[in-house]
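Working notes, structure below.
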Amino acid sequence: VHIVTSTGGTGATAGWYEIGSQTPTTWVLDRTTGAIATTLTSALMGGSLLTIQQGFTSGVAGNIFNVKAGTYTLTSALTGSNFRYILSGYSSTHGDMGTKPLITTVTNSTELLKLTGSGSVPTIFNLSFSHGAGTPAAGISQATAAAGTAGPVIVSCIFSGFTNALAFDTGGTHKAVPSLTVVNTEIKSDTVNGIFVDSGVVTVIGSYIHNNTSDGLTDNGGGSSLADSQFFCANSIFYANANGINGTLVADVLNAQSCDFAGNTGAG
């Protein structure tokens, strides 16, 4: 509920509150409003927000942000909340896994979703992401990662036309993404890599990664300070990339089961 204004007594502190339970006459909120003998004159209940960013700004840990099918054109990057949350696209009913909402931009060098805090751990379902500008940027990025914690999970999504569709630990600090899991997802037509990590554990299941200018899946390499990467892939296709999977460090580990590496201009 968004409490806006109140009259009389000690007014309620305006802001966003989460409703834990309700009766016909009472809301039980996640914290006190500070109101004493006051009457609410404007309080908007229901959770429907104009923008995805407002959800991130107002949400609390554990929230599910449901995004209705449609096109969301950004002019600046979404800033993901610094906690664990779910971002889920739907068509007519929450969770129906229907028509994928499209999150896109035609603004040069604009990322779509920046995970700015090490605690920003989303699970993302059933969304389509694309970049339509002449100078693209990353789709989802995280500059630094939190060691020893779970990482993002991407399920039933589409990424198209980025530099790196998924780019983790791009801050040059050589901290591994703890884990990245990609399931039933298509990643295509990116000008650099499909999935880029500095190092860490990456699991790809039932996905189609194709027609990326550089690698389908790669780690950064280039320095002895980097940890090794562990890539686990099953039932996935790596097609028409430069390299399907490129592990650049001597200690990298690859376990690929029931995968297809075809048409890559370099190595499978």
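Each residue takes its place number in the sequence, starting with 1.
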(message) Under the criterion side chain to side chain contact (heavy atoms under 4.5 Å, CB included), I'd like the reasoning laid out for I195 against I187: C-alpha separation, chi angles, the key distance, then a yes or no.
(response) CA-CA 8 Å; I195 302 174; I187 299 174; 3.7 Å; yes
(request) Apply side chain to side chain contact (heavy atoms under 4.5 Å, CB included) to I237 and C259, showing your working. (result) CA-CA 6 Å; I237 297 172; C259 291; over 6 Å; no
(request) Decide side chain to side chain contact (heavy atoms under 4.5 Å, CB included) for I245 and F261; before the verdict, give the C-alpha distance in whole Å, the side-chain angles of both, and the deciding distance to 0.1 Å. (result) CA-CA 9 Å; I245 297 177; F261 300 87; 3.7 Å; yes
(message) Before you tell me yes or no, could you show the steps for W16 and L49 under side chain to side chain contact (heavy atoms under 4.5 Å, CB included), namely the whole-Å CA-CA distance, both residues' side-chain angles and the distance that decides it to 0.1 Å?
(response) CA-CA 12 Å; W16 297 86; L49 307 173; 3.2 Å; yes
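When hydrophobic clusters are built by joining Ile, Leu, Val, Met, Phe, Trp and Tyr residues whose side-chain heavy atoms come closer than 4.5 Å, directly or via intermediates, V183 is not grouped with I158. I124 and M97 are not part of a single hydrophobic cluster, where members link through side-chain heavy atoms under 4.5 Å apart. Both L78 and Y85 belong to a single network of hydrophobic side chains, linked directly or stepwise wherever heavy atoms of I, L, V, M, F, W or Y lie under 4.5 Å apart. Put simply, I3 and M45 are part of the same group of oily side chains (I, L, V, M, F, W, Y) that touch within less than 4.5 Å, one to the next. The cluster map of Ile, Leu, Val, Met, Phe, Trp and Tyr, joined by side-chain heavy atoms under 4.5 Å apart, puts L166 and L74 in the same cluster.
E186 and H210 form a side-chain donor-acceptor contact under 3.5 Å, judged by distance and modelled atom types alone. Under 3.5 Å, the side chains of N235 and Q257 contain no donor-acceptor pair of N or O atoms. When only modelled atom types and interatomic distance are considered, S130 and T104 share a side-chain donor-acceptor pair under 3.5 Å. Side-chain contact, N164 with N193: a donor N or O sits under 3.5 Å from an acceptor N or O. Counted by atom type alone, N184 and S156 present one or more donor-acceptor pairs between their side chains at under 3.5 Å. No hydrogens or angles considered: a donor-acceptor pair under 3.5 Å links the side chains of T5 and T41. Judged by distance alone, the side chains of N241 and D215 never bring a donor and an acceptor atom under 3.5 Å apart. Side-chain atoms of N211 and S189 form no donor-acceptor pair, as typed in the model, at a separation below 3.5 Å.
Looking only at side-chain heavy atoms (C-beta outward), T203 and S179 stay at 4.5 Å or farther from each other. Side-chain contact between S229 and D252: present, with at least one pair of heavy atoms (C-beta onward) separated by less than 4.5 Å. With contacts defined as side-chain heavy-atom distances shorter than 4.5 Å, the pair V1/L29 qualifies. Here the side chains of F159 and C157 are in contact, with some heavy-atom distance below 4.5 Å. The shortest distance between side-chain heavy atoms of N82 and L115 does not fall below 4.5 Å. Counting heavy atoms from C-beta on, the side chains of L87 and T123 never come closer than 4.5 Å. No side-chain heavy atom of Y208 sits less than 4.5 Å from a side-chain heavy atom of V204. Annotation: side chain of C233 is in contact with side chain of L217 (closest heavy-atom distance under 4.5 Å).
A distance-only check finds no donor-acceptor pair linking the side chain of N63 to the backbone of G59 [under 3.5 Å]. The main-chain N or O of Q54 is found under 3.5 Å from a side-chain atom of S58 such that the two form a donor-acceptor pair.
Relative orientation of the F65 and F56 rings is perpendicular, given thresholds of 30° and 60° on the angle between their planes.
The shortest non-hydrogen separation linking P101 to N126 is CD-O, 3.3 Å. Here the closest non-hydrogen pair linking F168 and P152 is CE2-CG, 3.6 Å. Smallest separation of non-hydrogen atoms from T33 and Y17: CA-OH, 3.7 Å. What you find for T38 and A35 is that their closest heavy atoms are CG2-CB, 3.3 Å. Among all heavy-atom pairs drawn from S81 and S120, the shortest one is O-OG, 2.8 Å. Closest of all the heavy-atom pairs between A167 and A138 is CB-CB, 4.2 Å.
With rounding to the nearest 0.5 Å, the separation of CG in D30 from CD1 in I19 is 9.5 Å. The line from OG of S207 to CZ of F238 is 7.5 Å long, rounded to the nearest 0.5 Å. Atoms CZ and CG, from F196 and L180 in turn, are 12.5 Å apart once rounded to the nearest 0.5 Å. To the nearest 0.5 Å, the span separating NE2 on H131 from CG on L112 amounts to 6.0 Å. A distance of 5.5 Å separates CG in D96 from OG1 in T93, rounded to the nearest 0.5 Å.
By the ring-ring contact (aromatic ring centres under 6.0 Å, His included) test, Y239 pairs with no residue at all, sequence neighbours left out.
A 6.0 Å sphere centred on NZ of K100 holds more than 12 heavy atoms belonging to other residues, nucleotides or ligands.
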